[in-house]
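Side chains are part of it too, since the values below use all heavy atoms of this structure and drop only hydrogens, waters and symmetry mates. The structure presented is a predicted model; accordingly, all values stated were derived computationally and were not measured. Counting starts at 1 for both ligands and their atoms, in listed order.
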Amino acid sequence: MSGLSKAKRLVVKVGSSLLVGEDGTANGAWIADLAADIARLRARGQQVLVVSSGAVALGRRRLALPRRKLTLAEKQAAAAAGQSALMRAWEEALEPKGAVAAQVLLTRDDTETRRRWLNARATVETLLDLGVVPVVNENDTVVTEELRVGDNDRLAARVAQMIGADVLVLLSDIDGLYTADPRSNPKAEHLAQVTHLTPEIEAMAGGSNAAAGVGVGGMATKLAAARIASAAGCATVITLGSRPSPLAAIEAGARATLIAPSTSPKAAYKAWIAGALVPAGTLVVDAGAAQAVAKGKSLLAAGVRRIEGRFDKGDAVLVADETGREIARGLVRYEAADAERICGLRSAAIEGALGYTSGPMVHADDLAVVPARA
Ligand code: GLU
């Protein structure tokens, strides 16, 4: 029911309570079991990215910090000592399954500032294409309180959005969403499927129910994550992580809540390009290129007549025809000075002119076509 078996890209978020045992050390056996579960998906050709908490919990014990509430600096110190232990645990679990783990530490800026977002996205995409399992966490050691994402549910949703994942799995200590807190209310009913995140559903995760599901993120943050994912075209599955092979269990129909996406990842990405970015310049194109772009093809340098404005590689630009009509918006692959030098050149001549090539001026995947007016 979850679409898990058909997903091309999955983000699996694992909470501290699953990763770290009572004694404050990594739960090696459980992580190894999840690694086997992940290896099974990879063997089917699916790409898996892990968002892993646990740095602070592991570091606390390594640094023998007191049991009281830690100061921010202590927490950041714990994260530094714990993050390396966390990666060791993931490496020890994934390597025997033939998978290389790669540490990716992100801050909120990386998912919100466009240039950093594009850079982080390119790195993570490269890792996935190389067959690596990226293990993502927030860069707790350096990020200040105001600039934190704060919880890994939301971080995982942002990452899912960034890489156009189709399924986000939140492995939790509760098997999904309930109409009330099942631990205090015997009448609480489990919700297997949520098609729309209505205000009623949102309200269920508030109040006393907000904390159900533990860790930093209770139900409220899980729903906040699901909202981000849904708008990015990604389904969210919330389920119990403590059972053996939790991903296989989801496929076998174990109790979980599935929150449906409200769009497709591709449509969400194009909407982001079309609406959320301020264009830094314009590429004026000839009639042939205008036609090709309108049909969803990449914009080649050969069809670009001239450029306007100052932009960097990765910036949003307008694509306009020679009458000034806007045809599309897209992310340009060359900075303005280089774009200027290759205007009108055939693709094969770009390398000779610049000493490198980044392919088309704007790739079809990064182009949002403005619908033609009737
Ligand atoms: N980034 C934190 C850690 O690794 C966890 C945050 C969370 O669990 O939501 O300790």
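Residue contacts with ligand 1, taken as heavy atom pairs separated by less than 4.0 Å, involve N137 solely via side-chain atoms from C-beta onward. Of the heavy atoms in N152, both backbone and side-chain atoms come closer than 4.0 Å to ligand 1.
Some N or O of G54 is nearer than 3.5 Å to an N or O of ligand 1, by distance alone.
Against a heavy-atom cut-off of under 4.0 Å, D140 is close to the following atoms of ligand 1: 1 (N), 2 (C), 3 (C), 4 (O). Close contacts between ligand 1 and D151 involve ligand atoms 9 (O) [criterion: under 4.0 Å to a heavy atom]. Each of the following atoms of ligand 1 lies closer than 4.0 Å to a heavy atom of S53: 4 (O), 5 (C), 7 (C), 8 (O). Close approach to V56 involves these atoms of ligand 1, each under 4.0 Å from a residue heavy atom: 3 (C), 10 (O).
Between E74 and R60, none of the side-chain N atoms (NZ, or NE/NH1/NH2) sits under 4.0 Å from a carboxylate O, so this pair counts as no salt bridge. With respect to the salt-bridge test (charged N to carboxylate O, under 4.0 angstrom), the residues E125 and R9 qualify. The existence of a salt bridge linking D140 and K75 is excluded, since no basic side-chain nitrogen approaches an acidic carboxylate oxygen closer than 4.0 Å. Taking 4.0 Å as the cut-off between side-chain N and carboxylate O, R306 and E322 do not count as a salt-bridged pair.
The backbone N or O of G164 lies less than 3.5 Å from no partner atom in the side chain of Y269, so there is not a single donor-acceptor pair.
Ligand 1 does not have G15 within reach: every non-hydrogen atom of the residue lies 4.0 Å or more from it.
Note that the CG atom of L331 and the CG atom of D315 stand 8.5 Å from one another [nearest 0.5 Å].
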